[in-house]
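The next block holds one structure in the form of structure tokens; read it before the comments.
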There are 2 protein chains.
Amino acid sequence: MSDVQAVAKRTASEKEGDERHEIIYRAVSDAIVEQRLKPGARLREDALAEVFAISRTGIRKILQRLALEQLVTLTPRRGARVTRPTANEAKDVFDARQLVECGLMPEVARRIGTKEAAELRDMAHRERKALREGQQSAAIRLSADFHVRLAQLSGNATLAEFVERLCSRSSLILAVYGHPGHLGCESHDHDDLIGYLEAGNGERARAFMSRHLKAIEASLSMVEEEDDVPDLQDIFGG
Amino acid sequence: MSDVQAVAKRTASEKEGDERHEIIYRAVSDAIVEQRLKPGARLREDALAEVFAISRTGIRKILQRLALEQLVTLTPRRGARVTRPTANEAKDVFDARQLVECGLMPEVARRIGTKEAAELRDMAHRERKALREGQQSAAIRLSADFHVRLAQLSGNATLAEFVERLCSRSSLILAVYGHPGHLGCESHDHDDLIGYLEAGNGERARAFMSRHLKAIEASLSMVEEEDDVPDLQDIFGG
DNA sequence: TTGGCTAATCATGTATACAATATTAATCAC
DNA sequence: GTGATTAATATTGTATACATGATTAGCCAA
């Protein structure tokens with residue numbers, strides 16, 4: 001039995017039965033966000049059902065949830081694949097982040113305390129460490145978690161959940177359009193941001209977050225790779 | 001069979017088979033948004049399965065989708081009910097609308113054309129008509145649709161979908177905390193807004209939308225009714 | 001009547017069986 | 001060898017059966 005199975009079963013017996021689904025959902029979701037499952041990867045129901053030792057019924061429920069969060073794409077009778085975001089979707093996601101994440105900064109600056117700031121600093125620290133040590137997946141996750149935690153500090157659960165979705169999708173976007181090895185967020189950006197927030201300077205934090213997000217978006221190479229019916233004439237010079 | 005034929009056939013079958021679920025989903029979703037199904041109403045799987053003549057499997061899929069959109073609340077082993085939003089959730093939803101809908105106005109003002117403005121005017125017109133004629137459900141739907149259509153005009157599908165969710169939840173909030181007969185949106189607000197947008201005055205539109213949303217929120221009576229263990233001493237004067 | 005116990009009923013959670021469809025492999029004609 | 005046609009295989013879609021847990025009803029005792 002794999003680790004994932006063991007964890008799922010143990011927790012199931014300890015907690016209530018419904019918790020198992022949540023764990024499996026997180027396992028798949030994490031794998032996608034951390035880019036261990038890459039965009040375009042096929043997710044067969046049977047295979048997942050075997051890996052997690054539950055029936056296809058439970059897997060389908062989880063796949064549908066992931067589909068509504070736009071992490072996987074469900075094509076009727078052709079199954080599930082990890083979503084490959086289009087250039088348009090990427091633009092929408094980053095525009096949305098500009099509007100929401102920047103808009104939240106003043107409120108976060110008002111609410112943040114020394115404890116929360118310390119927690120954020122710790123996350124930023126671990127992110128840099130993961131980057132230095134070449135732990136790509138951990139770094140990606142910590143970067144996304146940082147932005148989500150920030151949004152949660154606004155106290156608005158609805159907006160925080162929305163930001164969480166946007167960050168997950170951003171991870172997919174980076175996987176498709178980002179340069180390998182280059183994570184979206186610059187090393188010290190997050191630390192600088194915490195400084196402005198802790199100083200209560202909401203407007204400064206807002207402006208910095210705006211630049212931060214623009215920098216990430218600018219680092220992408222937005223070329224739609226057309227993997228269906230490539231024009232050979234065009235490629236090999238007709 | 002050629003590729004083109006295969007694609008054509010697949011697309012055809014998609015429209016047939018999967019469309020039924022979508023129709024049923026809309027039927028339930030509409031009933032909730034239009035307040036024909038009121039917050040707290042029980043949604044039994046068997047009953048729904050019988051009404052729509054499909055098996056419980058399909059119903060569960062739909063209920064789970066509605067649960068993720070927070071229109072229904074799924075309690076393990078106790079089934080589904082139309083969500084009864086808390087006061088906190090209501091505040092979060094309207095704060096989110098302030099941030100997002102207002103933030104979109106400048107872009108909408110830039111993009112709106114005469115055709116789009118006419119469409120919006122027609123919706124506003126039909127909304128007023130429905131209100132006059134006492135068609136509560138129709139008025140609620142048209143009001144929500146107006147806000148959603150507006151968000152769609154921004155060109156950002158991600159944000160538009162988010163606004164759609166917020167408007168659906170707002171309908172639930174109005175059902176619980178609103179005064180009966182008094183719809184959230186004032187009669188001529190929507191028309192005024194279109195005027196600002198068509199004039200290309202994004203900032204004016206933004207400010208107006210802000211006041212508009214604040215007015216709706218202010219019209220609510222935010223008293224959490226405790227339906228479990230009501231204090232009889234308190235109620236009947238101890 | 002109130003309180004607590006047990007049994008019966010009902011509703012949901014899960015797995016599995018079967019049907020429908022897509023994909024792949026094999027065959028044949030040109 | 002290329003292309004088309006058919007057979008096979010694989011994979012998802014749907015319904016149903018059974019298990020599990022919740023609610024209600026009935027009963028008896030205090």
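Residue numbers begin at 1 in each chain, while the letters A, B, ... track the order of the sequences. Keep in mind the model is a prediction, meaning the values are calculated, not measured.
Listed by residue number, B/R42, B/R44, B/E45 are the residues of residues 42-49 of chain B with a heavy-atom contact under 4.0 Å to DNA chain C.
OP1 or OP2 of D/dT12 has not a single side-chain nitrogen or oxygen of A/R60 nearer than 4.0 Å.
For A/R60, the salt bridge (charged side-chain N to carboxylate O under 4.0 Å, His left out) partners are A/E45, not counting sequence neighbours. Applying the salt bridge (charged side-chain N to carboxylate O under 4.0 Å, His left out) criterion to A/D92, with sequence neighbours excluded, gives no partner residue. Evaluation of the side chain to side chain contact (heavy atoms under 4.5 Å, CB included) rule for B/S168 yields B/V33, B/L71 as partners, not counting sequence neighbours. Here B/E50 pairs with nothing under the salt bridge (charged side-chain N to carboxylate O under 4.0 Å, His left out) rule; sequence neighbours left out. For B/F94, there are no ring pair (Phe, Tyr, Trp, His ring centres under 6.0 Å) partners two or more places apart in sequence or in a different chain. Legend: residues meeting ring pair (Phe, Tyr, Trp, His ring centres under 6.0 Å) with B/F52, ordered by chain and number and at least two apart, are absent. For the salt bridge (charged side-chain N to carboxylate O under 4.0 Å, His left out) test, no residue two or more places apart in sequence or in another chain qualifies with A/R26.
Among residue pairs with one or both ends in residues 155-176 of chain B, none qualify as salt bridge (Lys or Arg N to Asp or Glu O under 4.0 Å); sequence neighbours excluded. Legend: side chain to side chain donor-acceptor pair (under 3.5 Å) pairs involving residues 35-44 of chain B, not counting sequence neighbours, sorted by first then second residue: B/E34-B/R36.
With hydrogens and angles left out, the side-chain atoms of A/R97 and A/S170 include a donor and acceptor closer than 3.5 Å.
In this structure, the CZ atom of B/R81 is 12 Å from the C1' atom of C/dA11, given to the nearest Å. Rounded to whole angstrom, the span from the CD1 atom of B/I59 across to the P atom of D/dT14 amounts to 12 Å.
Recorded end-axis angle for the helix from C/dT1-D/dA30 to C/dC30-D/dG1 stands at 0°, based on five pairs per end and rounded to 10 degrees.
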Summarise protein proximity over nucleotides 15-25 of chain D in one line of letters, 5' to 3': B for base, S for sugar-phosphate only, - for none, counting protein heavy atoms closer than 4.0 Å. BB----SSS--

